[in-house]
Asker: 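Below are the structure tokens for one structure; questions will follow.
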Amino acid sequence: MSFLERVDQGIRRSVVFRSLFRQPYPNDERSRAYAVMNNVFLHIHPVRVRQHAVKFAYTFCLGGLSFFLFLVLTVTGVYLMFFYVPSATQAYTDILQIQSSVAFGLLTRNIHRWAAHLMVFFVFLHMMRVFYHGAYKPPREFNWVVGVVLLFLTIMLSFTGYLLPWDQIAYWAITIGTNMAGYAPLFNTPSKFILLGGLEVGQNTLLRFYVLHIVVFPLVAAIFMAVHFWRIRKDGGISGPL
Amino acid sequence: MGNWQVEPLSRPQALTKEAIRALRHGQADGMSRRRMLRTSLGAGIGLWLLELVGGTISFLWPNLAGGFGGKVTLGDIKAVAASPAVIGANFNTGAPAYFQDAQSYVVLIDPTRYEFVPGDSPEGDGAATNVRTLWQRCTHLGCKPNFCPKNYWFECPCHGSRYDRLGIKVEQLGPAPRSLDRFASVVDGKGVLTLDTSKITLGPLPIALGQPGLIPPKSPTGCI
């Protein structure tokens, strides 16, 4: 046994290595199933996927792409947070600073912006795909409802993010959007008041929308996504052709 | 006949070992202990959630004190005169002062009397206190009419509504349906003016040029 082989064996037999990798390298069907089942990230996914489900033209991977865009938005959003202050006097200049004097700032902001637009678009297409395949029918009716909640959360994430550049288009879009809340039945005036944090769009509104955009909605969406993915498996995987 | 005469279901019995065992395995009469604990736990969690929602709403409820939507103290006549709407158009000539925080124009009713008279003006017309506090919002679509130092009128840059220096809408000029709205105001014993921007009185109907109640322009041409 050469020196390298001995080092390799030493690592593989160590307590730390064996506590990290409980199974041997997955090279047959049984150990592959174990690898998926025993991993906290993978276990949400089904161990086995039906052949029709991996056909690209059946799903166009729209749900997966929506989730991928959510991850992209989370990462680029965290990057942008380092340079953005949700203050009425500073927010707009911060956006300009990100674009002009931060390395890769313009790229990061544009990725965030395009991914946001695309996520709304892909979530919509995903809903269309599910509808045309009749994949909302029992036993998947509960997951359809979870999906509707996720659609609402996606739109709210997009809406709250729209105010943050604090330019004219943002200001007036949010003025119109919150005026719509003022026409809701029963709780119109209080809900508009609490959403704006005042009588009109101002510093309080910017801070409120910022907190909703970066903490509340992503967290709630992540929880619903976990339920959404887990339900797919519990309802028997991706729906087959009718 | 009341049901106090009904015989009890079971007679009290001595707690022998057998009796306890029988009780433990038998169906509980009425609500079981497990059921009672579960129900009270559920009710407790429900109550807690209710409190949480109520507390969150009241935590997030905006406090408008000291800003627009609440009471704003502007100061005495010297402090107000130090904040003119247009530099060069002096407060004591009847030109308005302007306060962005209160979104408000402040104007003397009678500029020959350079004073705020202590008193209350709940309708905001200021007859008793010699000072009127106008909301900066054009009654047409909400733009801010600017004060024109040439003709001493307010002129809206959006659609050309004209108001005199006391906020009365000029009938023929511009689409606004009524005069500028007014805030309730109070002048205390020291002459300090305080607005209540949560109390708005709608402005009166427009008055035609040449009729009493409308101050004619100082010059034939304005700023817009």
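Keep in mind the model is a prediction, meaning the values are calculated, not measured. Chain A is the first sequence line, chain B the second, and so forth, proteins listed ahead of strands; every chain is numbered from 1.
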Asker: Please determine whether the number of non-hydrogen atoms from other residues, nucleotides or ligands lying under 6.0 Å from atom CD1 of Ile87(B) exceeds 12.
Answerer: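 12 or below, so no.
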Asker: Taking everything shown except Leu71(A) itself, do over 12 heavy atoms lie less than 6.0 Å from its CG?
Answerer: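 Yes - once you tally the heavy atoms of other residues, nucleotides and ligands closer than 6.0 Å, there are more than 12.
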Asker: Heavy atom to heavy atom, less than 4.5 Å: which residues from residues 49-62 of chain B reach chain A?
Answerer: Ile57(B), Leu60(B), Trp61(B), Pro62(B)
Asker: Report, in residue-number order, which members of residues 178-202 of chain A are under 4.5 Å from chain B by heavy-atom distance.
Answerer: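 Within residues 178-202 of chain A, near chain B: Pro190(A), Phe193(A), Ile194(A), Gly197(A), Gly198(A), Leu199(A), Glu200(A).
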Asker: So, using ring-ring contact (aromatic ring centres under 6.0 Å, His included) as the criterion, who are the partners of Tyr79(A) when residues are at least two apart?
Answerer: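 For Tyr79(A) there are no ring-ring contact (aromatic ring centres under 6.0 Å, His included) partners, ignoring immediate neighbours.
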Asker: Around atom CZ of Phe159(A), are there more than 12 heavy atoms of other residues, nucleotides or ligands at under 6.0 Å?
Answerer: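 Enclosed: over 12 neighbouring heavy atoms sit under 6.0 Å from CZ of Phe159(A).
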Asker: Just wondering, more than 12 heavy atoms not from Asp101(B) lying within 6.0 Å of its CG?
Answerer: no
Asker: Report the residues that fulfil salt bridge (Lys or Arg N to Asp or Glu O under 4.0 Å) with Arg231(A), sequence neighbours left out, ordered by chain and then residue number.
Answerer: Asp235(A)
Asker: Does CD belonging to Gln100(B) count more than 12 external heavy atoms closer than 6.0 Å?
Answerer: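 No, because the 6.0 Å sphere around CD of Gln100(B) holds 12 heavy atoms or fewer from other groups.
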Asker: Are more than 12 heavy atoms from other residues, nucleotides or ligands located less than 6.0 Å from atom OH of Tyr114(B)?
Answerer: yes
Asker: Does CZ in Phe229(A) sit with more than 12 non-hydrogen atoms of other residues, nucleotides or ligands closer than 6.0 Å?
Answerer: yes
